[in-house]
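On a predicted model such as this, the values are computed, not experimentally measured, just so you know. Within every chain, numbering begins at 1; the chains are lettered A, B, ... in the order of the sequence lines, protein sequences first and strands thereafter.
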Amino acid sequence: MSDHTPLYIQNSLTREKERFAPLNAPYVGMYVCGPTVYSNVHLGNVRTFLTFDIVYRHLIFLGYQVRYVRNITDVGHLTGDSDDGEDKIGKKARLENLEPMEIVQKYTNDFHDVMRIFNIKSPSIEPSATGHIVEQIEMIKQIIARGYGYESNGSVYFNVRKFSEDFPYGQLSGRKIDDLLNNTRVLDGQDEKNDPLDFALWKKADVSHLMKWPSPWSEGFPGWHLECSVMSTKYLGNAFDIHGGGMDLKFPHHECEIAQNAGATGEGNSVKYWMHGNMLTVNGRKMAKSEGNGFTPEELISGSHPLLERGYSAMTVRFFMLQGHYASTLDFSNAALQAAEKGLERLMKSLETLKKLPATSDKDNAAAKIDELSNRCATAMGDDFNTPILISVLFDAVKLINKVQDGQLAISKTQKDALQSMIDGYVFDVLGLEVEGVAKTEESDETGPLLDLLVNLRSEAKSNQDWSTADAIRNALSELGVTIKDGKEGSTWDRE
RNA sequence: GGUCCGAUGGCCGAGUGGCUAGGCUCAGCUCUGCAAAAGCUGCUACAGCGGUUCGAAUCCGCUUCGGACCUCCA
């Protein structure tokens, strides 16, 4: 690991790009805030999980042993920050006439399906909030014991003001206690709190509330921020390397998490590198369910959403997202998707070309270039996971492959293998792109010889200058989705 | 209202004190029976106005526009 190109990570906590050094190399602990499973995930959610999929993949690529924890939020949190707010999962359960845990299961399954479609790797541990109620109650006890929590009418709140006297609060999100106080909105049902800044550790449930558990304070449910504090430290230790999530979780969620962990242990911030992925926008606005501009992966692939001119494959979308840096907002548009689709197609075609590329042993003028390309790939990923730069280098590799194919450059067997392993590493392992239409490829194993036969017949017709037969074959195959490519070395075919 | 971020060529998107990614589109050329594919070439941009500097798209200030967070949110 130490002999690799160094890895730099933009740390949200310090606002600096820092050289990555794990607490206990070669082990790396990474926690990412997962989805709340009360409805289908939309594409904006996918972007965040894709961002950390790249982080996970690249760390593995560099040789680290990563424990990746990504939670499932399945406790019904409130729809608003008031006592009369309904819990989201309970609400959905009533609407769909299902048990709350049925809702949780249904949307967890959906989430997993989506992750699979986008080739996003499963985490090492995927803990659920409802499976850690006991631990959450324990942490509340610790927080109370240290004087940072108080009970009020069966609920327990975190005393932000008291905490901020002993520890920095608001460091991650760049907020100051006094500013927060001046700008806190007046919300209903906050009279239980001593201070509007305080947040819930435990909420007493009312009679209609479906998801509730016994506790020393009341029958109720844990506060939203608590589960991540508990599950991250339970599986990764009090101090761990990377904590990730969407930008919109920075405040209050992650700020509260830091406070809870510090408040429970008496030690400061336990996370070395905080990372935040930026939002996916549509027409310049954040994709969100409440905006009505969110679409699900199913709608995307089928093209059934009004915002979509047509359907796009999951890999096209994955590639599209990776052409932008994770820390920048990315605007979703049909034109951009179509551009990405063509680019990805060109990239993948050249990888097919590479496999069949003739290696020459006599002259080899590609060697230096392949070395350079490989270094540029490593540098790009080492610079805060800069996938757009990486992709630009890969397109330079495409150019090189095509030039060899075109006879403008020669490549030795050794260099060809080096190029192949670079491609395998960065395109498939790190970027996680995969060849689409695998089923078709398998099928082509049977029809392949037939197509070869037709192409040969056409070549014969061509050599007889029988253009009408040649064109008839080409047109007929074209209608079946098979493209004939005439090259210097004869004709080949390619399936759409 | 507070805090923070952004504005890049026809489009999408990197980058960054001097040598100006990449993709898509468009035009021309090479190859080709024609076409497709591929290759080559061209299209030189950094919101506006000031300032710092030998030099700024990159640093500083102001202006305009857009966005995020401050409430559940990836």
Side-chain angles (χ1 to χ4, degrees), chain A residues 15 32-36 38 41-52 73 77-82 85 87-88 170 173-176 178-185 187 224 244-253 276-281 283-291 294 319-320 323-325 327-344 346-347 349-350 353 376 380 383 386-396 398-399 401-403 405-409 462 465-467 470-471 474-475 478 483-488 491-492 494:
Chain A
R15 278 151 249 259
V32 172
C33 293
T36 306
Y38 66 97
V41 288
H42 64 239
L43 226 51
N45 306 116
V46 172
R47 186 183 183 203
T48 296
F49 301 125
L50 171 61
T51 293
F52 293 101
T73 297
H77 295 292
L78 298 181
T79 49
D81 193 17
S82 57
D87 94 70
K88 283 187 273 197
S173 56
R175 268 155 235 259
K176 295 188 181 73
D178 293 327
D179 292 345
L180 283 171
L181 196 65
N182 292 336
N183 292 296
T184 303
R185 297 180 196 181
L187 297 165
W224 173 43
M247 204 78 125
D248 48 357
L249 297 185
K250 228 179 190 179
F251 189 90
H253 184 60
H276 289 93
N278 216 323
M279 300 293 105
L280 182 68
T281 61
N283 295 323
R285 300 193 156 264
K286 174 183 170 183
M287 182 180 280
K289 280 166 200 160
S290 54
E291 291 265 351
F319 184 70
F320 161 71
Q323 275 188 304
H325 188 71
S328 304
T329 54
L330 179 67
D331 199 57
F332 194 93
S333 71
N334 283 282
L337 257 291
Q338 282 160 27
E341 186 175 66
K342 290 201 172 176
L344 176 63
R346 195 156 77 87
L347 174 65
K349 274 188 179 160
S350 90
T353 307
R376 283 166 64 204
D383 186 11
N386 199 322
T387 53
I389 297 273
L390 172 61
I391 289 172
S392 78
V393 178
L394 292 172
F395 273 105
D396 284 345
V398 168
K399 204 165 268 190
I401 292 167
N402 287 334
K403 277 189 175 178
Q405 173 73 4
D406 217 46
Q408 295 183 40
L409 277 177
K462 276 177 68 183
Q465 302 203 342
D466 180 2
W467 308 130
D471 290 351
R474 185 171 66 193
N475 293 340
S478 169
T483 311
I484 291 201
K485 293 192 275 193
D486 291 341
K488 277 181 188 162
S491 303
T492 55
D494 191 31

Peer 1: Sort me out a list of protein N/O and nucleotides 11-15 of chain B N/O pairs below 3.5 Å, or just none if empty.
Peer 2:
{"from": "B:rG13", "atom 1": "OP1", "to": "A:D331", "atom 2": "N", "distance (Å)": "3.0"}
{"from": "B:rG13", "atom 1": "O2'", "to": "A:Q323", "atom 2": "O", "distance (Å)": "3.1"}
{"from": "B:rA14", "atom 1": "OP1", "to": "A:H325", "atom 2": "N", "distance (Å)": "2.7"}
{"from": "B:rA14", "atom 1": "OP1", "to": "A:S328", "atom 2": "OG", "distance (Å)": "3.3"}
{"from": "B:rG15", "atom 1": "OP1", "to": "A:N386", "atom 2": "ND2", "distance (Å)": "3.2"}

Peer 1: For B:rC29 and B:rA35, measure between their P atoms and round to the nearest Å.
Peer 2: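 The same atom, P, in both gives a distance of 11 Å.
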Peer 1: Using the P atom as the reference point in each nucleotide, state the distance between B:rA47 and B:rU25 in Å, no decimals.
Peer 2: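 Pairwise P distance, B:rA47 against B:rU25, rounds to 26 Å.
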Peer 1: Identify, with sequence neighbours excluded, every residue that meets salt bridge (charged side-chain N to carboxylate O under 4.0 Å, His left out) alongside A:R376.
Peer 2: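 Only A:E372, A:D396 meet the salt bridge (charged side-chain N to carboxylate O under 4.0 Å, His left out) criterion with A:R376.
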Peer 1: Distance between the P atoms of B:rA56 and B:rC65, in whole angstroms?
Peer 2: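 After rounding to an integer number of Å, I get 28 Å for this pair.
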Peer 1: In whole Å, what is the span from the CZ atom of A:R15 to the P atom of B:rG6?
Peer 2: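 The distance from CZ of A:R15 to P of B:rG6 comes to 13 Å, rounded to the nearest Å.
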Peer 1: Starting at the 5' end of nucleotides 32-41 of chain B, put B wherever the base has a protein heavy atom under 4.0 Å, S where only the sugar-phosphate does, and a dash everywhere else.
Peer 2: -BBBBSSSS-
Peer 1: Using a cut-off of strictly less than 4.0 Å, decide whether A:R175 has a side-chain nitrogen or oxygen near OP1 or OP2 of B:rU3.
Peer 2: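 No.
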Peer 1: Expressed in whole Å, how much space separates the P atoms belonging to B:rC26 and B:rU63?
Peer 2: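 It works out to 43 Å between them.
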Peer 1: With a 4.5 Å heavy-atom cut-off, do A:T73 and A:Y38 have their side chains touching?
Peer 2: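 No, every pair of side-chain atoms sits at 4.5 Å or beyond.
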Peer 1: Could you measure between the two C1' atoms, the one in B:rA7 and the one in B:rA45, and give it in whole Å?
Peer 2: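 The same atom, C1', in both gives a distance of 13 Å.
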Peer 1: Once side-chain hydrogen bond (donor to acceptor under 3.5 Å, both in side chains) is applied, do any residues pair with A:S392, and if so which ones, sequence neighbours excluded?
Peer 2: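 Expected list: none.
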Peer 1: Under the rule for side-chain hydrogen bond (donor to acceptor under 3.5 Å, both in side chains), what residues qualify as partners of A:Q338, not counting sequence neighbours?
Peer 2: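 So A:Q338 forms a side-chain hydrogen bond (donor to acceptor under 3.5 Å, both in side chains) with A:E309, A:Y312.
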Peer 1: Without decimals, in angstroms, what is the distance between A:K286 NZ and B:rC70 P?
Peer 2: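 My rounded result for the distance is 7 Å.
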Peer 1: Taking A:D383 for the side chain and A:N386 for the main chain, is one N or O donor matched with an acceptor at less than 3.5 Å?
Peer 2: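 Here the side-chain-to-backbone pair does not exist.
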Peer 1: Mark yes or no for whether A:D331, through its side chain, and A:G284, through its backbone, hold a donor-acceptor pair below 3.5 Å.
Peer 2: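 Such a contact is found between A:D331 side chain and A:G284 backbone.
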Peer 1: Say you pick atom P in B:rG23 and the same atom in B:rA38; how far apart are they, in whole Å?
Peer 2: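 My reading of the P atoms in B:rG23 and B:rA38 gives 12 Å.
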Peer 1: Let me confirm one number: the CZ-NZ distance from A:F319 to A:K342, rounded to the nearest 0.5 Å.
Peer 2: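 The distance works out to 14.0 Å.
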Peer 1: Identify, between A:K342 and A:Y38, the residue whose nearest nucleotide on RNA chain B lies closer to the 5' end.
Peer 2: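 The answer here is A:K342.
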Peer 1: Does any N or O in the side chain of A:T51 come within less than 3.5 Å of the main-chain N or O of A:R47, such that one atom is a donor and the other an acceptor?
Peer 2: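 Yes, because the side chain of A:T51 sits within donor-acceptor range (under 3.5 Å) of the backbone of A:R47.
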Peer 1: Is any side-chain heavy atom of A:P35 closer than 4.5 Å to one of A:N45?
Peer 2: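 A side-chain contact under 4.5 Å is absent here.
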Peer 1: Using the C1' atom in both, what is the distance from B:rU8 to B:rU58, to the nearest Å?
Peer 2: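 About 11 Å, rounded to a whole number of Å.
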Peer 1: Looking across every strand, which nucleic acid part, if any, lies under 4.0 Å from A:T36 by heavy atom: base, sugar-phosphate, or nothing?
Peer 2: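 Sugar-phosphate contact only.
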Peer 1: May I ask you to decide whether A:K403 forms a salt bridge with A:D406, counting only side-chain N to carboxylate O separations under 4.0 Å?
Peer 2: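 Salt bridge: no.
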Peer 1: Applying a 4.0 Å non-hydrogen cut-off, can you work out what A:L347 is touching in the nucleic acid: base, sugar-phosphate, or nothing?
Peer 2: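 No contact at all - A:L347 keeps every heavy atom at 4.0 Å or more from the nucleic acid.
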Peer 1: NZ of A:K289: more than 12 outside heavy atoms within 6.0 angstrom?
Peer 2: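 Yes - once you tally the heavy atoms of other residues, nucleotides and ligands closer than 6.0 Å, there are more than 12.
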Peer 1: Could you state the NZ-C1' distance from A:K289 to B:rA74, rounded to the nearest angstrom?
Peer 2: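 In whole Å, B:rA74 C1' lies 9 Å from A:K289 NZ.
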Peer 1: Base, sugar-phosphate or nothing for A:H42? Non-hydrogen atoms, less than 4.0 Å.
Peer 2: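 Base, at least one base atom sits under 4.0 Å.
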Peer 1: Rounded to whole angstrom units, what separation is found between the CZ atom of A:F251 and the C1' atom of B:rA74?
Peer 2: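 That distance rounds to 18 Å.
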Peer 1: Measuring from atom CG of A:D248 to atom NE2 of A:H276, what distance do you get when rounded to the nearest 0.5 angstrom?
Peer 2: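 Spacing of CG (A:D248) from NE2 (A:H276) equals 9.0 Å.
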Peer 1: Please tell me if the side chains of A:F320 and A:L330 come closer than 4.5 Å, counting only heavy atoms from C-beta onward.
Peer 2: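 Touching, per the 4.5 Å side-chain cut-off.
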Peer 1: If we take the P atom in both B:rG48 and B:rU30, what is their distance in whole Å?
Peer 2: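 40 Å, rounded to whole Å.
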Peer 1: Quick one: stems for RNA chain B, with Watson-Crick or G-U pairs under 3.5 Å, at least three in a row?
Peer 2: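 Result, WC/G-U stems under 3.5 Å: B:1-7 with B:64-70, B:10-12 with B:22-24, B:26-30 with B:38-42, B:47-51 with B:59-63.
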Peer 1: Closest-nucleotide mapping onto RNA chain B: is A:L344 or A:V46 further toward the 5' terminus? I mean the 5' end.
Peer 2: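 It is A:L344, whose closest nucleotide lies nearer the 5' terminus.
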